Amino acid sequence: RLSFFSLSRAAVVISPSNAMLSIVEKERNKLLPRKKMIPLCVEKNIHTAIKRNEKIRFIFASRNDPLKGGDTLFRAIKIVNKKIYDKVEFNIIGYSQNSKSILPENVIIKDFISRYKILEEYPNCDVALLPSLFDNSPLFIYETMAAGLPVIATDVGGIPELVEHGKTGFLFNKNDHVTLSRFIIELVENPKKRMVMGVNAQNFIHQYASVDKIAKQKLKLYKSIIG
């Protein structure tokens, strides 16, 4: 009730995704009188990849929350490892599985680390994974795209506004671990596609969400409110 009251009094409602604005309007059963979608912003990743082994490295970083879909990823990894175990490595930061089963050696789980450290980590990986059950406009996608990584993510919330299926990554239905495993294998076995998608992702996010562009959008909006 308080949030609805605040929305009704706001000069403008800002969201980093159109999807979230639509959800709010649906919950209120009423259109927002004044709304604006302004993406998050992201800087260019200045870190350089270090020398590493031949395995294709995937990264999934999130808070330890079931909504982030980590269990879907663990089920997909089981399928992937039956086919290409020796070709892949999964780096999972901040999330831990619910079950007590022993993890395969190519799954590396780390406690959540500082933003600076995680920005260093991205260029050393090849593909970003985000199997969320719901998400608005995840900063993880902005940052991994800025590092030149294609993204495999769920087709939920504001994610499709960032990831173009087949161009900057792949989208799959939530909880569909089988399709997730298929896309993982596809990007391992098709290095050219993986690299092209990574370049496309980086070019897109720098054009879509540069610091200068978003700052100008916000200043313009604030000036229109103040008058």
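Everything numeric here is computed off the predicted structure, so don't read it as measured data.
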Participant: Minimum heavy-atom separation for Gly70 to Pro131, with atom names?
Facilitator: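 So the minimum-distance heavy-atom pair works out to N-CG, 4.4 Å.
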
Participant: Run the numbers on Val127 and Phe183 for side chain to side chain contact (heavy atoms under 4.5 Å, CB included), then give the verdict.
Facilitator: CA-CA 11 Å; Val127 182; Phe183 288 148; over 6 Å; no

Participant: Considering residues at least two apart in sequence or located in another chain, which fulfil the ring-ring contact (aromatic ring centres under 6.0 Å, His included) criterion with His206?
Facilitator: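 Per chain and number, His206 pairs via ring-ring contact (aromatic ring centres under 6.0 Å, His included) with no residue.
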
Participant: Measure from the side-chain N and O atoms of Ser210 to the backbone N and O of Gln207, and report whether any donor-acceptor pair falls under 3.5 Å.
Facilitator: no

Participant: Taking side chain to side chain contact (heavy atoms under 4.5 Å, CB included) as the definition, give me every residue that meets it alongside Ile79, ordered by chain and number, with sequence neighbours left out.
Facilitator: His177, Val178, Ser181

Participant: Asn190 side chain to Glu186 main-chain N or O, any donor-acceptor pair under 3.5 Å?
Facilitator: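 At least one qualifying donor-acceptor pair exists.
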
Participant: If hydrophobic residues (ILVMFWY) are linked whenever their side-chain heavy atoms come closer than 4.5 Å, directly or via other members, who joins Leu133 in its cluster?
Facilitator: Leu67

Participant: Surrounding NZ of Lys213 (heavy atoms of other residues, nucleotides or ligands, distance under 6.0 Å), is the total greater than 12?
Facilitator: yes

Participant: Does Tyr222 sit in a hydrophobic cluster with other residues, and if so which ones, taking ILVMFWY side chains as linked at heavy-atom separations under 4.5 Å, directly or through other members?
Facilitator: Val12, Ile14, Ile38, Ile214, Leu221, Ile225

Participant: Tell me, do Phe140 and Ile59 make a side-chain contact under 4.5 Å, heavy atoms counted?
Facilitator: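 They are in contact (side-chain heavy atoms under 4.5 Å apart), so the answer is yes.
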
Participant: Hey, what do you get for CD1 (Ile118) to OG1 (Thr144), rounding to the nearest 0.5 Å?
Facilitator: 9.5 Å

Participant: Less than 4.5 Å apart, any side-chain heavy atom of Val88 and any of Phe58?
Facilitator: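 Of all side-chain heavy-atom pairs linking Phe58 with Val88, at least one is under 4.5 Å.
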
Participant: Quick one: pull up CG in Asn91 and CG in Asn124 and give me the separation to the nearest 0.5 Å.
Facilitator: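 It is 9.5 Å, given to the nearest 0.5 Å.
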
Participant: Val13 vs Val24, test: side chain to side chain contact (heavy atoms under 4.5 Å, CB included). Steps then yes/no.
Facilitator: CA-CA 10 Å; Val13 176; Val24 171; 5.7 Å; no

Participant: Give, for atom OG1 of Thr72 and atom CG of Leu129, the distance between the pair rounded to the nearest 0.5 Å.
Facilitator: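 It is 11.5 Å, given to the nearest 0.5 Å.
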
Participant: With sequence neighbours left out, what residues match Asn203 under side chain to side chain contact (heavy atoms under 4.5 Å, CB included)?
Facilitator: Val199

Participant: Would Val80 and Phe90 count as a side chain to side chain contact (heavy atoms under 4.5 Å, CB included) if you check the C-alpha gap in whole Å, the side-chain angles of each, and the deciding distance to 0.1 Å?
Facilitator: CA-CA 11 Å; Val80 172; Phe90 296 94; 4.1 Å; yes

Participant: According to salt bridge (Lys or Arg N to Asp or Glu O under 4.0 Å), who are the partners of Glu25, at least two apart in sequence or on a separate chain?
Facilitator: Lys35

Participant: Of all residues at least two apart in sequence or in a different chain, which pass the ring-ring contact (aromatic ring centres under 6.0 Å, His included) check with Phe60?
Facilitator: Tyr95

Participant: With a 4.0 Å cut-off on N to O distance, would you call Arg57 and Glu121 a salt bridge?
Facilitator: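 Glu121 and Arg57: salt-bridged.
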
Participant: What residues form a side chain to side chain contact (heavy atoms under 4.5 Å, CB included) with Lys167, not counting sequence neighbours?
Facilitator: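 Lys167 satisfies side chain to side chain contact (heavy atoms under 4.5 Å, CB included) with Glu164, Asn200 once adjacent residues are dropped.
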
Participant: Determine, for Phe134 and Lys68, whether the Lys NZ or Arg CZ falls below 6.0 Å from the six-membered ring centre while staying within 45 degrees of the axis.
Facilitator: no

Participant: For Leu40, check side chain to side chain contact (heavy atoms under 4.5 Å, CB included) against everything at least two apart and list the hits.
Facilitator: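 Once residues adjacent in sequence are excluded, the partners of Leu40 under the side chain to side chain contact (heavy atoms under 4.5 Å, CB included) criterion are Pro16, Leu139, Tyr142.
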
Participant: Kindly write out the residues that satisfy ring-ring contact (aromatic ring centres under 6.0 Å, His included) with Tyr208, not counting sequence neighbours, or none if the list is empty.
Facilitator: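 With neighbours one apart ignored, the set is Phe204.
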
Participant: Which pair of non-hydrogen atoms, one from Lys87 and one from Val188, has the smallest distance, and what is that distance?
Facilitator: CB-CG1, 4.1 Å

Participant: Does Leu119 offer a backbone N or O that forms a donor-acceptor pair with the side chain of Asn45 under 3.5 Å?
Facilitator: yes

Participant: Return all side-chain donor-acceptor pairs below 3.5 angstrom for residues 145-156, not counting sequence neighbours, or 'none' if the list is empty.
Facilitator:
{"unit_1": "Thr154", "atom_1": "OG1", "unit_2": "Ser132", "atom_2": "N", "d": "3.3"}
{"unit_1": "Thr154", "atom_1": "OG1", "unit_2": "Ser132", "atom_2": "O", "d": "2.6"}

Participant: Using the side chain to side chain donor-acceptor pair (under 3.5 Å) criterion, which residues pair with Ser22? Sequence neighbours excluded.
Facilitator: none

Participant: Quick check: does any side chain N or O of Glu161 sit under 3.5 Å from a backbone N or O of Ala19, one acting as donor and the other as acceptor?
Facilitator: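 Indeed, once roles are kept as given, a pair shorter than 3.5 Å links the two residues.
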
Participant: Taking a hydrophobic cluster as the set of Ile, Leu, Val, Met, Phe, Trp and Tyr residues connected by side-chain heavy atoms closer than 4.5 Å, whether directly or through intermediates, do Val107 and Ile113 fall within one such cluster?
Facilitator: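 Yes, same cluster.
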
Participant: Going by heavy atoms in the side chains, are Leu162 and Pro138 under 4.5 Å from each other?
Facilitator: yes

Participant: Within the 4.5 Å heavy-atom criterion, are Ile92 and Leu73 side-chain neighbours or not?
Facilitator: yes

Participant: Is there a donor-acceptor pair closer than 3.5 Å between any side-chain N or O of Asp176 and the backbone N or O of Thr179?
Facilitator: yes

